[in-house]
Every structure is written in C-alpha cells, then in structure tokens.
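Letters go in sequence order (proteins before strands), and every chain restarts at 1. Just so it is clear, the values below take in all heavy atoms, side chains as well, and ignore hydrogens, waters and symmetry mates.
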Number of protein chains: 2
Amino acid sequence: MAARRKVRLIDVARDAGVSPATVSRALAQPELLAAHTLDKVHESARKLAYRPNGMARALASGRSMTVGAIVPTLDSAIFAQVLQVMQSALAKDGYQLLVASHELNPAAETEAVRTLLARGVDGLMLVGAERAFETAQVLATAEAPVVLTWCASPGIASVTVDNHRAGQLAAQHLLDLGHRRIGMIVGHLHFNDRQRARLAGARAALKAAALDMPDWLVSEQPLTFAGGRTGCAELLELDERPTALIGGIDVFAIGCIQEAQARGIAVPEMLSVVGIDDIDMSAHMSPSLTTVHIPTTQIGQEAARSLVARIEGEGEISQIELPVELVVRRSSTHAPVGGAPGRNSQT
Amino acid sequence: MAARRKVRLIDVARDAGVSPATVSRALAQPELLAAHTLDKVHESARKLAYRPNGMARALASGRSMTVGAIVPTLDSAIFAQVLQVMQSALAKDGYQLLVASHELNPAAETEAVRTLLARGVDGLMLVGAERAFETAQVLATAEAPVVLTWCASPGIASVTVDNHRAGQLAAQHLLDLGHRRIGMIVGHLHFNDRQRARLAGARAALKAAALDMPDWLVSEQPLTFAGGRTGCAELLELDERPTALIGGIDVFAIGCIQEAQARGIAVPEMLSVVGIDDIDMSAHMSPSLTTVHIPTTQIGQEAARSLVARIEGEGEISQIELPVELVVRRSSTHAPVGGAPGRNSQT
DNA sequence: TTGTAGGCGTTATCAA
DNA sequence: TTGATAACGCCTACAA
C-alpha cells in the first residue's frame, strides 16, 4: 500500500553498505565483484524492490536498449507479423521495440524518424526505401544504425525481397499457363515502392512475352479485402475481361476469389488468381491461393539480428536479399480454351 | 558528411548568446520570452539543427512522452488494429508507443510490464485482466496510470467489452434460429480470459434454454485460420454433428466456412456459422459472416484518451464498457428441418 | 576488488 | 524577462 516513492541505486548502496559504483557494477559486470559483495547487493536490491531507471541509465551510458520501427501501418497482417518477430527477437537481447506508423504519409514518416531518434533509439528499422528528401537526410546523419526492409537503398543496410521479381513470377506463371489478358489489382502507388515494383515486375514479364498490361487492366485500390473485391469487380466488368488476375497483396487476391465466386465465375476454371505475400490464410482457402512467398518471418529475424549486431558494434552494413518463390496452389490453371475466352459478350 | 557529433542545448544557448534556461524555455514555454529573444534562439536552433535529447528531457522532467502497450500478440488483426488506432491517437498528443507482446505467457507479461515501467513510460495499456500475481503487484505499485482493455479488473481503469455477453449473443442468435446442437471453436483457454468469457457466455445462453454445450462440442485451437479449419473438421466428423458453429474469433468462423464448403456442406443451409470480432474481412466474405461486433477502433481511441487524460492529470480512473452487438449477415439461418438434421450416419 | 568524482543533456527553482 | 545552479539517476574512468 504505502510504498515509498522510488528506490534509487544509491539507496541500495546505502542499505548494502557499499558505494553506488559497486551496485552499478553488480548489475552490469557482476564478474568484477567479490561473491559476498555481490550477494549483499542483490539482497538489498531485492529487499528494496529496486528497479533501475532506464532513462537515467540511457543518459549516462548512451544506450537506451530500445529499437525503433517505422511501418506504413500496423493494420496489415504482413507488417504486424514482421514486428511480432522483431519484437520477440529483440526481447531476447534485452531490447524493446518502439513502434510508429505513417499511413503512407511521407511527412509523418519524417516526423517519426525524428521523434524516434530524439527518443534515443539504439537502432531504427524502416519499411521501404522510398522517402522524402528530408527523411533521407536525417537518416544519413543519424548516429544510430538503420536497417531498411522490403526495399533497398544504396549505402543503407537492408533486408529485402525483390518485389519486382515477385511481380514477375506471378505474371510469368500465368503466361506459362497460357493467359494473355492479365489484370492486376494494386495498392495506391503513391509513396509505396513495394506495390510499384510488383506492378512493374508483372509488366516486365508481359513485355518479355510481347504482351502488355494497359492501365485499364490495372485497378488501384486501398489495401483491404474490400479493395480486392472492388478491384476485381471493376476488372470483371470490362468488355474484354481478363482471364487471370494478380493481387498486389494476398488480401487482394483473396478478395478477388470471393468476388468472382459471388458472381458465379469459377476459380480457377474461368478465372485464375495469383497473389503476392503468402499470408497464413492463403494456404487454407478454397481454392487455396497460388502466390509468391515473401519470407516475412525471416525478414523480421534478419532485420533484428542485423540491427543488434550493428548496435553492439559487431556487424558491417549489409544488404541481404531474401529469395521470393512462387507457390503454386489451386487458384490458378490453364487459360480457358477458345478464341476470346474471357469475353463478356453474351451474343 | 562530416556532421559534428551532437548539438546540445548549451550549444544553442552559446550561439544565441543566452543561457541554457532560456533555450529550454523557448521550447517549452515560448510565451514567457521576449519576442526577439525567442527569434534568436529559434534561429540558432535551426542553424545548428538542434534536436532535444528525449532521455535527458525525460530524466529531468519526469515525463518520457511515451506510452507502453502490452498485447498477447501483434500477429492478430484485432490487436494490431487497436495498436494502430492508439498509436495514431497518441501521436497527435506527442506520445510515442512502446510495444511488447507476450504470446500468452504470464511470465513474459510480467517481464514486459517491468521493462516498460523501468523504461519510464508515462502510461501503460494492457489487454485482458487475467495475470500473474506478481504482475498485479507490480501494476498496483506503478506510479504510471494503467488502462486495461477487453476485460476489466477491480480498481484499474479499463476500456472493455462484455466478452461473456458476446458469446451469449452469438449462441442466442443460433438458438433463436432453432439450432439445438451448437459447437464452438475457441482459442487455448489458458491465460486467455477473453476466450474463456466468450465460451462461458455461449454456454450460459444454452443453459438458459435448458440445453448445454458439452466439452466434445468445443474444440480448442491455436488462434489461426488453420485452427478454424481444423476445429471445424473435428466437429463435423462427430457422429452427432452440430448444426451450427460459433467461432471464438472471426478468423475461426471464416476457417469454418471454408472447411465446410470444402466438404460440400453448404453454409448456411446445412451449417450456420457465427463469429465474434467483426474484422474487416467478415463483411466481405461469401457468404458474409454473421458475427458479434467488437468496437476495436473505439477501444483504441478510448484507451488512448483515457491514458492521456490521466497522464495530464485531468482524468479519473474510469471503467468504460463499450457495447457489443450482433451483426446478422448471411452465414447463419434456420436449423435444417428433420429429426436429426446434422446426423452423420449414412444408413 | 571497491570507492571517488565528474558528467550525460534537460528541466526546474530561485534570485536578480 | 532572464540567469545561475541544483537536481534527475546512473555510468565510468581513474584512483586507491
């Protein structure tokens, strides 16, 4: 009940009959102390329920044992998962995760970087490499190590995947199945280099096959399940409707399947759907979703590892690129036979 | 390139020809300074690209402008969304969000509380009211305001929903539709008071109708989509299979629908499915999911508001309970007619 | 092995 | 309106 305010290191020192320095060492470098001294200190600390003050410690030592993470949004399975993995990995090394999101707003991102840096984070993780000039500058002069994820930027450590290739793989798979009219649903392209790269990759694959994906076969949607349905509906109502659709994220693809099924269009028989991400749900859908696997867990682990290593002064600036991989499941199949398979005309 | 190390408040003071105290005031209480002094300081600060040191500031002022949040996991749409909302709300007031997760491990939760408190957070948000005795003690002596979400605990501020009632609503809806054999898929009940309350609520509704939900109609699964499918499969293979299923979370319910459909069991004609949560996807499924709406966004907003108010010394300890509400959509309908409708026997 | 003392960068309390 | 000066709680050479 009547717990006296705060116990400080000096209180423990007094109680144990040693100097503050000794107590400090008991916590940080126990091996330097005599066994019985250590015991005394530990006992006093326990008795007084001493909890070191993190801020004071950070101020004095220059290390906050805190890592900042800036993501586009937490409200996305894939980013949340990365953070989950990072936070677990960091916790093992005694680091705490400070989280900020910017909702695809460059100014908000800049501000977040500033705040986090001012907060004294020992390291910083960011998603994506596209950013305001101002942010880039702040980052460049930051004393704390920084690691980028998902997309790389010259001179900055990163743990990335080749989003361009992910788009390419998705499109190539459909091309291999004989599809010629392929549409894509993507997130808003502004300030989202991941979605841009995936779209560009898909287009590159088509181009290599002497085909193309005109703008009217691309639907920009908010990154939600509903966005996937809307985008799908849009593309299915075209006069020359596509025989296959790529979702810029799995959530879109899953929305597509739902929308198609709701319209009586069988997936994959009448419409092939391919996603990118490979979220948990994709494998368990009916039909299960063909998608490009993004190694989310590994991204989180590597990012955490890379950051901690740099913080402890043990690592170099490294640029790790994790492989993406096509996972063929049941939502994609050969293009329907016939001249104009996907034609919407009833005549 | 050769950015000199760190600019401190005293450097700005020197450059502007004023005392450190004046610079400090220029940032915190500009109204106390003469206009021209303020200008001088601002100019020097801008020129030197001065960034106040958050930790030093926190140490001296006793406020870190940081709020901690402890959730079971980030890898869950519903918690991630709450955090997203909280972080946005807090950012507006200049607070930063420190995140920790414990993966349903009581010890990890205790540790997280300790760490966060030691880190000097100005406030703390927790999910659920069930916790280790040790944690409760630490919390009780914490100087920082605490707010619980999802479940309430005596004497602690909270923003909650009635999980018991949520389960009840789901079950009652099915009872009203004539279902008598109702199964439920829940998360592991250990250290998860939300799932326990929902299950208890459902059982209470059945009991009130002189029915019951025996253990063999309840499947405990990991909180994933796959868990939903597995649990559903389990219950559908019973000799006396249920005519309706409740998902302890929407993700389970969605998994159920998939599993049922994959087995050629029409939803809702042959099997009604009801969820609890009302995540984004539920409204956009086919069939759309009948579920109990949990006001996630509001929980986040209220929690943030409550916490900030208390931190600024303006609010009382309050226990807010937000209403849950049944949302009837297409995944539930009248129980199939006939004596033993859900019988698995082929004879 | 342990103690002393100066500093980490701000804020806050008094005076002036 | 502004300036000294002491906290804030801990770390860490350096000394003993």
In whole Å, what is the span from the CG atom of Leu32(B) to the P atom of dT2(D)? 9 Å

Among Leu126(A), Leu148(A), Val146(A), whose side chain to side chain contact (heavy atoms under 4.5 Å, CB included) with Ser158(A) holds? Leu148(A)

Please report, rounded to the nearest Å, how far the P atom of dC8(C) is from the CD atom of Glu143(A). 16 Å

Salt-bridge contact Glu130(A)-Arg196(A) (side-chain N to carboxylate O under 4.0 Å): yes

Nucleotide by nucleotide, 5' to 3', does protein get under 4.0 Å of the base (B), only the sugar-phosphate (S), or neither (-) in nucleotides 7-16 of chain D, counting heavy atoms? -BBBSBB---

Under a 3.5 Å cutoff, is there a donor and acceptor pairing between the side chains of Ser19(B) and Thr22(B)? yes

The test is side chain to side chain donor-acceptor pair (under 3.5 Å); show your working for Gln84(B) and Ser101(A) and say whether it passes. CA-CA 8 Å; Gln84(B) 173 60 43; Ser101(A) 66; 3.2 Å; yes

Main-chain N/O of Ala60(B) paired to Arg63(B) side chain as donor or acceptor, under 3.5 Å: no

Tell me the bend of the helix from dT1(C)-dA16(D) to dA16(C)-dT1(D) as the angle between end helix axes, each from five pairs, rounded to the nearest 10 degrees. 30°

Between Arg114(B) and Glu109(B), does at least one N-O distance fall below 4.0 Å, as a salt bridge requires? no

How close do Val99(A) and Gln87(B) get, counting heavy atoms only, and between which atoms? O-OE1, 3.4 Å

Are Thr22(B) and dG3(D) close enough that a side-chain N or O sits under 4.0 Å from OP1 or OP2? yes

Go through the steps to decide whether Glu134(A) and Thr110(A) satisfy the test side chain to side chain donor-acceptor pair (under 3.5 Å), and finish with yes or no. CA-CA 7 Å; Glu134(A) 216 179 351; Thr110(A) 305; 4.8 Å; no

